[in-house]
Each structure stands twice: as structure tokens, then as C-alpha cells.
Amino acid sequence: MTVVIGGGDASRLDAELDARAARFPGIIMSSGLAGALDPTLRPGDIVIDGHHHLVAQIAAALPDARVGAVAGSDTIVATTANKRTLAARTGAIAVDMETHVAAQVAARRNLPFVALRVISDDAGSTLPPAALVGMKPDGGMALGAVLRSLARKPGQLPALVRTGNQAGRAFKSLDRAFAALIATGFDHISPEDLPPA
């Protein structure tokens, strides 16, 4: 297994994934946090999408996961109105900033693709401004930008704390999901093991 961190930069992610796929052709999995477009999804819920055989294997290991489309966006979909619009336009149940890039690389390289995403913010939540500036290219937190945003709008602090708590719940769920998948041997599946998509 090899890891490429997205960090919200679609062109860099595309180039790094493509180079990695050229050297190590295998299953491409997009994993991490996502925003809910379906109002029944809650922080910590798992969404899977992609090659039907891989989705079925993940669903068997994670029976509470929801199967559904994950929409892609090059920017954070932060407001409830934008989430509703994207859900209506795409029929997707979740959105993130990396899955569509990973799916494009997989299609270009003719490799199997699957997404395993964990909901961090629900469809009824609007993200505070500090959350929108808080991601560094390596996926870490840009603390300085967050603090500057809080200094300009201190009233967003309760929403930022809620967002942080929800992200923490989502990361714990993601850890449990990967532990369950590794226990089933999912990390040893190769493209040759899969029937055609």
C-alpha cells in the first residue's frame, strides 16, 4: 500500500497519483473525510463508491457503511444551500475534494477504483470561515490561518469547535474502518483478483 495525500490541490494530487500508478499499478482508493449531501448521513458515517466488487468487499467488512455516489469539488462545499444544489445536480450522497481526481487517474490508467469516505460535516451544517482556511497542502491544519480567521470573527468559535469535534469523530471512524478492512485482508487484493468492472 502506498499513500498520496490530497490536501485540496487537485492538479498536484493528479500528478502524484498518476506517477505512483505508473510505477505501482494497483487499486486506487480514495479515503478520508467528506461532507454529507444526504441529510440522513451523520458525522462518522462511512460512504463507499466505486468498482462493484471492491464496494461489495468493503460493505461486507463494514456492514453499516452506505453505498452511494461521492461527488467531487475542487473547492470546499461549505454551505447547506450549496450542498442541496450539488445533491440535486449529481444525485451524490457525499462530497469531497479528492475522490473525483483519484477516479480520473484510475480511469486513465485503466485501474480499479474505490472510495471510502467518512462524513465529517452533515448536510444541514454550514462550515465556519476558519474551517475553510484551515487545511495545508499536506492535509494538516494551518493553525495561523485559523487563528487569524477567529481574530476577525470570534463569534464563529462555537461552530469551529463543533466542526473540530465532528472531524475527530470522523477520523476515529476512518481508523476503525481501516482496521476492519486490514483484518479481512483487503489490503492484499490486487487488480488481477477482480472481475471486470
Side-chain angles (χ1 to χ4, degrees), residues 1-38 40-74 77 86-87 90-121 123 139 167 169-197:
M1 185 182 301
T2 181
V3 176
V4 176
I5 296 174
D9 183 338
S11 60
R12 181 187 58 76
L13 176 60
D14 185 284
E16 287 188 25
L17 269 178
D18 193 67
R20 196 75 55 95
R23 288 176 45 217
F24 308 106
I27 296 165
I28 294 181
M29 173 187 268
S30 173
S31 66
L33 305 188
L37 300 180
D38 181 328
T40 66
L41 289 169
R42 295 286 171 257
D45 288 349
I46 297 168
V47 174
I48 46 180
D49 186 15
H51 185 287
H52 66 90
H53 187 73
L54 295 171
V55 167
Q57 289 202 334
I58 293 173
L62 306 171
D64 293 333
R66 289 272 302 275
V67 176
V70 177
S73 175
D74 290 334
V77 180
L86 185 60
T90 64
I93 64 172
V95 60
D96 69 35
M97 297 173 64
E98 295 88 21
T99 292
H100 64 297
V101 177
Q104 290 168 0
V105 172
R108 188 166 60 237
R109 291 282 175 184
N110 198 28
L111 294 170
F113 170 79
V114 68
L116 186 157
R117 292 305 218 175
V118 180
I119 299 302
S120 179
D121 53 292
R169 189 176 317 141
F171 279 122
K172 286 179 184 172
S173 182
L174 188 62
D175 285 345
R176 288 190 300 271
F178 270 105
L181 290 178
I182 289 168
T184 66
F186 184 84
D187 54 328
H188 294 292
I189 298 172
S190 71
E192 294 77 25
D193 299 328
L194 301 175

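- In this structure, the side-chain hydrogen bond (donor to acceptor under 3.5 Å, both in side chains) partners of D121, at least two apart in sequence or on a different chain, are K83.
- Annotation: the span from L41 atom CG to I119 atom CD1 amounts to 5.0 Å, rounded to 0.5 Å.
- Taken to the nearest 0.5 Å, the NE2 atom of H51 stands 13.0 Å off from the CE atom of M29.
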If you look only at distance, which donor and acceptor atoms sit under 3.5 Å apart when one is on a side chain in residues 61-72 and the other is two or more places apart or in another chain?
| from | atom 1 | to | atom 2 | distance (Å) |
| --- | --- | --- | --- | --- |
| R66 | NH1 | T40 | OG1 | 3.0 |
| R66 | NH2 | D38 | OD2 | 2.6 |

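- If you take OG on S120 and CG on D96, they are separated by 11.5 Å, rounding to the nearest 0.5 Å.
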Which is it for L54 and I27 under the side-chain contact (heavy atoms from CB on, under 4.5 Å) test, yes or no, and what are the steps along the way? CA-CA 9 Å; L54 295 171; I27 296 165; 3.7 Å; yes
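- When all heavy atoms of V118 and A170 are compared, the closest pair comes out as CG1-O, 3.4 Å.
- The side-chain hydrogen bond (donor to acceptor under 3.5 Å, both in side chains) test applied to S11 returns D9, not counting sequence neighbours.
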Run the side-chain donor-acceptor check on residues 100-114: report pairs under 3.5 Å with partners two or more places apart or on a different chain.
| from | atom 1 | to | atom 2 | distance (Å) |
| --- | --- | --- | --- | --- |
| H100 | NE2 | D74 | OD1 | 2.9 |
| R108 | NE | D18 | OD1 | 3.4 |
| R108 | NH2 | D14 | OD1 | 2.9 |
| R108 | NH2 | D14 | OD2 | 3.2 |
| R108 | NH2 | D18 | OD1 | 3.4 |
| R109 | NE | D18 | OD1 | 3.0 |
| R109 | NH2 | D18 | OD2 | 3.0 |

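- The CE atom of M97 sits 12.0 Å away from the CG atom of L33 when rounded to the nearest 0.5 Å.
- I58 CD1 to I46 CD1: the interatomic distance, rounded to the nearest 0.5 Å, is 9.5 Å.
- Separation of atoms CZ (R42) and CZ (R169) is listed at 10.5 Å; rounding is to 0.5 Å.
- The list of side-chain hydrogen bond (donor to acceptor under 3.5 Å, both in side chains) pairs with a residue in residues 172-183, not counting sequence neighbours, is empty.
- Residue pairs meeting the salt bridge (Lys or Arg N to Asp or Glu O under 4.0 Å) criterion with at least one partner in residues 22-34, sequence neighbours excluded, do not occur; the list is empty.
- Taking each heavy atom of A34 and R117 in turn, the nearest pair found is CB-CB, 3.8 Å.
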